[in-house]
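To start, the structure under review is shown below, and the notes come after it.
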Amino acid sequence: MACERSPELMLLVDGELSPFEARALEAHAASCDTCARERARLEALSAAIATTAPPRPAPPDLRRRIERALEPAPSARARPWLSLAAALLLGAVIGGGATWQLVVPGRAGVDSAVAVHVRALMANHLIEIASSDQHAVRPWFAGKVPLAPPAPNLDAHGFMLVGGRIDQIDGKPAAAVVYRRRQHIVDLIVAAMPEGGAPRHLVRHGYNVEFWNADGLAFWAVSDLNPDELREFAELVRAAR
Amino acid sequence: MGEENERHERFRRQALPHLDAAYNFACWLLHNEVDAEDVVQEAFLRAFRSFGELRDTEPRAWLMAIVRNAAFDFLRRSRRGAGVLLREEDPRLVSLEPSPEDVSIARSDERRLVRLIASLPPQFREVLILREQAGLAYQEIATIIGAPIGTVMSRLARGRRLLADAWQGTGPGKERRHGV
């Protein structure tokens, strides 16, 4: 005995019907022998496959091989030479007779911040997202670093937003927001770090650095811009918060 | 480079959970667990290289399609043709009756059902595996095999009928050419 509705039973068993359609078809199958048999046949086959031919899980070794093949290249992962660069800079500072700065809060991060900036310039890796729109740059960081760096629009003050990148400072994730004034790059590096102390200005290897804290974040503005203009930049960013 | 790390992390989070399903699918396409491992590994690396294009989409169907392509590439290279797609009128469609040696080797229901699934023509076998073992929706299966959803439904119905008939020992004879 054929029933024109029996092909639909497959959709019911596979969960492809809406609740409304499913209820209507179930009601029909309750009073149609052909459809009741078709439903039982499909369910028996599914149950047999589930119990006697279960899917084979991937061997642990395959999982390990794929995970290993997916490891980022060492240079992208650990950046061992970053700490080396920082150590060299530190050595230069100490060699220059500036050992008193060891006790100044924010000092350690400054060396690293300059190293981060120089490396980004040398590796031609200053910008990962190029945008002059603060509403594009700020959300771009969401989910990539555990902090939301400010990226205010400072066009009116002559600091053009260029873009941003993800970086690391002393092994911790950092966000870098990049501005430009004339031919000078201003790298605003932001990390969640317990750096203490008042805002300060420092010079490292010819770069000017403005350091400050706010809301549990440490900020380093690094640039070859002159100290006065960089201080103006830092004040604008602080005021924009 | 931060972007690169983020891509790795996202791939790990979104793609690796489907490794079991991918491996099982490859086993059924290739009839060989060692080949399946190679093909899945290659497919996952292939997938990773083009992962950037696929920001927010659930990657399961896309990933399974890559596994399927990699499996077919492998079969073409090795010229074994074990999973070569048959036309629906291929005479091998009716060769589902377990041979006497099948029956003697595989006494238990368990072995018999596995063997019967393995001897299904590939275009029916793949939709059956994707539905019954991977639990995918018709739409996902359609994406994976690159066919309309109606084709998925007719192949699934036909494959199930062939399998059920063979399993219950009625043989596929009455079925041939008149699938649902």
Side-chain angles (χ1 to χ4, degrees), chain A residues 6-11 13-16 38 41-42 44-73 75-79 82 119-120 123 125 127-129 140-141 143-145 164-168 173-176, chain B residues 1-12 15-16 18-28 33 36-38 40-45 48 108-118 128-129 131-139 149 153-154 156-157 160-161 163-164 167-168 180:
Chain A
S6 60
E8 295 174 42
L9 267 299
M10 185 177 87
L11 302 177
V13 171
D14 286 335
E16 296 275 344
E38 174 69 1
R41 186 184 72 91
L42 290 167
L45 185 67
S46 287
I49 293 172
T51 55
T52 66
R56 273 165 278 201
D61 187 52
L62 173 62
R63 192 176 296 272
R64 274 195 297 275
R65 279 211 309 276
I66 291 175
E67 282 183 343
R68 212 175 308 134
L70 290 177
E71 294 274 305
S75 64
R77 195 170 65 246
R79 297 177 179 172
L82 175 56
R119 185 170 45 80
H125 180 61
I127 293 165
E128 284 172 346
I129 176 182
W140 179 82
F141 286 103
K144 297 188 179 71
V145 281
R165 70 174 185 281
I166 306 293
D167 218 311
Q168 283 187 10
Chain B
M1 286 194 228
E3 172 108 23
E4 194 55 21
N5 281 334
E6 190 258 346
R7 200 164 72 99
H8 277 97
E9 180 49 38
R10 206 160 43 81
F11 187 78
R12 210 178 295 274
L16 283 186
H18 304 304
L19 181 60
D20 283 338
Y23 172 75
N24 183 60
F25 186 40
C27 284
W28 284 107
E33 297 182 348
E37 282 198 40
D38 289 347
V40 168
Q41 180 168 353
E42 190 200 319
F44 268 67
L45 299 187
F48 177 67
S108 69
D109 254 14
E110 199 171 317
R111 286 300 300 165
R112 196 164 69 92
L113 190 58
V114 169
R115 292 188 73 96
L116 288 174
I117 296 171
L128 189 85
I129 293 302
R131 172 61 221 149
E132 293 283 4
Q133 291 195 330
L136 302 191
Y138 294 172
Q139 185 53 59
I149 200 163
M153 286 163 61
S154 63
L156 191 53
R160 277 171 166 159
R161 194 162 285 281
L163 181 64
W167 186 46
Q168 285 151 13
V180 177

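Model, not experiment: these values are computed from the prediction. Just so it is clear, the values below take in all heavy atoms, side chains as well, and ignore hydrogens, waters and symmetry mates. Every chain is numbered from 1, with letters handed out A, B, ... down the list of sequences.
If you measure heavy-atom distances from B/Ile129 to chain A, you find no contacts under 4.5 Å at all. For B/Phe48, the part sitting under 4.5 Å from any heavy atom of chain A is the side chain, from C-beta outward, and nothing else. Contact of A/Ile129 with chain B is not made at all, since no heavy-atom distance falls under 4.5 Å. Within the 4.5 angstrom heavy-atom criterion, only side-chain atoms of B/Glu132, from C-beta onward, approach chain A. Of the two parts of B/Arg160, the backbone and the side chain both hold a non-hydrogen atom closer than 4.5 Å to a non-hydrogen atom of chain A. Interface residue B/Leu16: backbone and side-chain heavy atoms are both found under 4.5 Å from chain A. Interface remark: B/Phe11 contributes side-chain atoms only to the contact with chain A (heavy atom separation under 4.5 Å). Heavy atoms closer than 4.5 Å to chain A are found nowhere in B/Glu9, neither backbone nor side chain.
Rounding to the nearest 0.5 Å gives a distance of 10.5 Å between CD of A/Glu67 and CZ of B/Phe44. Between atom CE of residue A/Met10 and atom CZ of residue B/Arg131 there is a gap of 9.5 Å, rounded to the nearest 0.5 Å. With rounding to the nearest 0.5 Å, the separation of CD1 in A/Ile49 from CG in B/Leu128 is 4.5 Å. Taken from CD1 in B/Ile117 to OG1 in A/Thr52, the straight-line distance is 7.0 Å, to the nearest 0.5 Å.
Taking every heavy atom of both residues into account, A/Ala58 and B/Tyr23 meet most closely at CA-CD2, 3.5 Å. The shortest non-hydrogen separation linking B/Glu37 to A/Pro59 is OE2-CG, 3.3 Å. Nearest heavy-atom pair across A/Ala69 and B/Leu45 is CB-CD2, 3.7 Å.
Residues A/Pro55 and B/Trp28 fail the side-chain proximity criterion, which asks for heavy atoms closer than 4.5 Å. By the 4.5 Å heavy-atom criterion applied to side chains, A/Glu16 and B/Met153 are not counted as neighbours. You'll find the side chain of B/Leu163 reaches within 4.5 Å of the side chain of A/Leu45, heavy atoms only.
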Full working for side chain to side chain contact (heavy atoms under 4.5 Å, CB included) between A/Leu62 and B/Leu19
CA-CA 9 Å; A/Leu62 173 62; B/Leu19 181 60; 4.3 Å; yes
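For the pair A/Arg56 and B/Asp20, the salt-bridge criterion is not met [side-chain N within less than 4.0 Å of a carboxylate O]. Between A/Glu38 and B/Arg161 there is a salt bridge, since a side-chain N of the basic residue sits under 4.0 Å from a carboxylate O of the acidic one.
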